[in-house]
2 protein chains.
Amino acid sequence: MNLKISRVMGKDVNITRKEICADKPTVNKIIEAAIPLFATKGLAAVSVKELADAAGVNIALISYYFGGKDNLYAFVLENQLSILREAIDAISKEEISAVKKLRCFADILLVTNKKNPYIDRLFFTEVFNPTKYFDHLVKSAARHAHYFLQGCIEDAQSNGEFRADIDSDLAAMSLLKILNVSFTAQDLFKELMPSKQDIAAEYMSQAIEIYLTGVAKRP
Amino acid sequence: MNLKISRVMGKDVNITRKEICADKPTVNKIIEAAIPLFATKGLAAVSVKELADAAGVNIALISYYFGGKDNLYAFVLENQLSILREAIDAISKEEISAVKKLRCFADILLVTNKKNPYIDRLFFTEVFNPTKYFDHLVKSAARHAHYFLQGCIEDAQSNGEFRADIDSDLAAMSLLKILNVSFTAQDLFKELMPSKQDIAAEYMSQAIEIYLTGVAKRP
DNA sequence: GTCTATATTGCGATAGAC
DNA sequence: GTCTATCGCAATATAGAC
């Protein structure tokens, strides 16, 4: 396979990062540099020169490999969202209780966040300021996450673990919001609570605890 | 007072929207058009032409009145955040219980959101993708909201209404996230739950209920 | 106050040398 | 595969007429 990625991108987006980058150090450097830039500033606020400088490569190589800034963004977005998708699918297959699945999801978000700290920031950036890629790349990921959470909540209601009087659609939405890690990791909060060692982990642990208590069926 | 706003901006940012715009229809049109554009696309993704077209005014008038796109953005941001600030201050002064204050805050967010649906979207856009105005205009608003929520939580813990074993800093953070209205109002969720009449109101009502149950001291 | 026309800059993409 | 030079374009701000 010696097609350019830009060509490949046009035909099939479902190519994992590893496949492409194993033996392509330049492509890899560009992607690694692009993820935090796009996640922290958004597509429009990042220039090609900025991407190239951050990656330590020549500015022309962005177009050479990806066919332009927008295509690179689309690739990064799809690539990162697929990690989220895979995590959800993996949990769905497990033969554990619905509540366990939710706890497991929170754990995985936290662990994934250590290695890929920008997945949910890219996601929420798109939710608050959608680009032309929102409908094609983000909507499906949002639905996927929503249905997973909603399914867990309804299962837990059937089991009698959760209260029957909560709306699973709305509850899935509040859960999605409360579980967002990247928000928690902002410098802003590091300043607000300088004593905390690992805000994300401490936050997640307490947040899921409060939530599960709030929706639990009382004896 | 017949100074240009751009001049005024440089000297004193604490000018309310009403004061300036009462007798200035053009200025008012520009601001009204700019709020949703900046909130939904972000500073970098909005062009001056786009702003002028949306306002129905000549493109040169943006610079004439505000001294450029960035200054207009700064004005809009400060203007909208001040509404949030005033709401918090008003509740703080009330002689009601901490839990009532939290419920009241949720209500006010909801009501405010009907008239000014873009306040928290501007806020969260800045949190996820900070611009050069973040430190100066947004940080203080975030601290203000955080300390308000944290204070309510600690008061409720002292009163014995909330559990003593939760961390008020982390709890304030989860509450700030869960109370965000603009996220809830995204088209995405309207599609996911088409049967809901007023997602924001229904969401808020359930979310605050779950949260307060989760942190309540149990008998 | 509002408009047209223009100056200027910076960006993104590409051609072509190496 | 990488680099330099450059083309074309879009965007912002401004000068000056009305």
Looking at [X], I'd like to know whether one of its side-chain N or O atoms comes within less than 4.0 Å of OP1 or OP2 on [N].
X: A:Y64; N: C:dA13; value: no
X: B:T26; N: C:dT2; value: yes
X: B:N58; N: C:dG1; value: no
X: B:S63; N: D:dT12; value: no

- Item | Residue pair B:S174 / A:Y211, side-chain donor-acceptor N/O under 3.5 Å | no
Can you tell me which nucleotide in [options] comes closest to the side chain of [X]?
X: A:K69; options: C:dG12, D:dT14, C:dC3; value: C:dG12
X: B:V48; options: D:dA13, C:dG12, D:dT2; value: D:dA13
X: A:A60; options: D:dT12, C:dG12, D:dT4; value: D:dT4
X: A:K24; options: D:dT4, D:dG1, D:dT12; value: D:dG1

- Message: Going by side chain to side chain contact (heavy atoms under 4.5 Å, CB included), B:L109 matches just one of B:D120, B:L84, B:N180. Which one?
- Response: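 Among B:D120, B:L84, B:N180, the one that satisfies the side chain to side chain contact (heavy atoms under 4.5 Å, CB included) with B:L109 is B:L84.
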Rounded off to whole Å, could you give me the [atom1]-to-[atom2] distance for the [X] and [N] pair?
X: A:K41; N: C:dC11; atom1: NZ; atom2: P; result: 11 Å
X: B:I59; N: D:dA10; atom1: CD1; atom2: P; result: 13 Å
X: B:L72; N: D:dT12; atom1: CG; atom2: P; result: 11 Å
X: A:L61; N: C:dA13; atom1: CG; atom2: P; result: 14 Å
X: B:Y73; N: D:dA11; atom1: OH; atom2: P; result: 19 Å
X: A:Y65; N: C:dA13; atom1: OH; atom2: C1'; result: 17 Å
X: A:K29; N: D:dG1; atom1: NZ; atom2: C1'; result: 12 Å
X: A:K49; N: D:dT6; atom1: NZ; atom2: P; result: 18 Å

- When you check the gap from the basic side-chain N to the acidic O, do A:D187 and B:K139 get nearer than 4.0 Å? no
- Item | Considering all heavy atoms, the nearest A:T184-A:A200 contact | CG2-CA, 3.9 Å
- Task: Please state whether the rings of B:Y73 and B:F38 are parallel, tilted or perpendicular, taking 30° and 60° as the class boundaries.
- Result: perpendicular
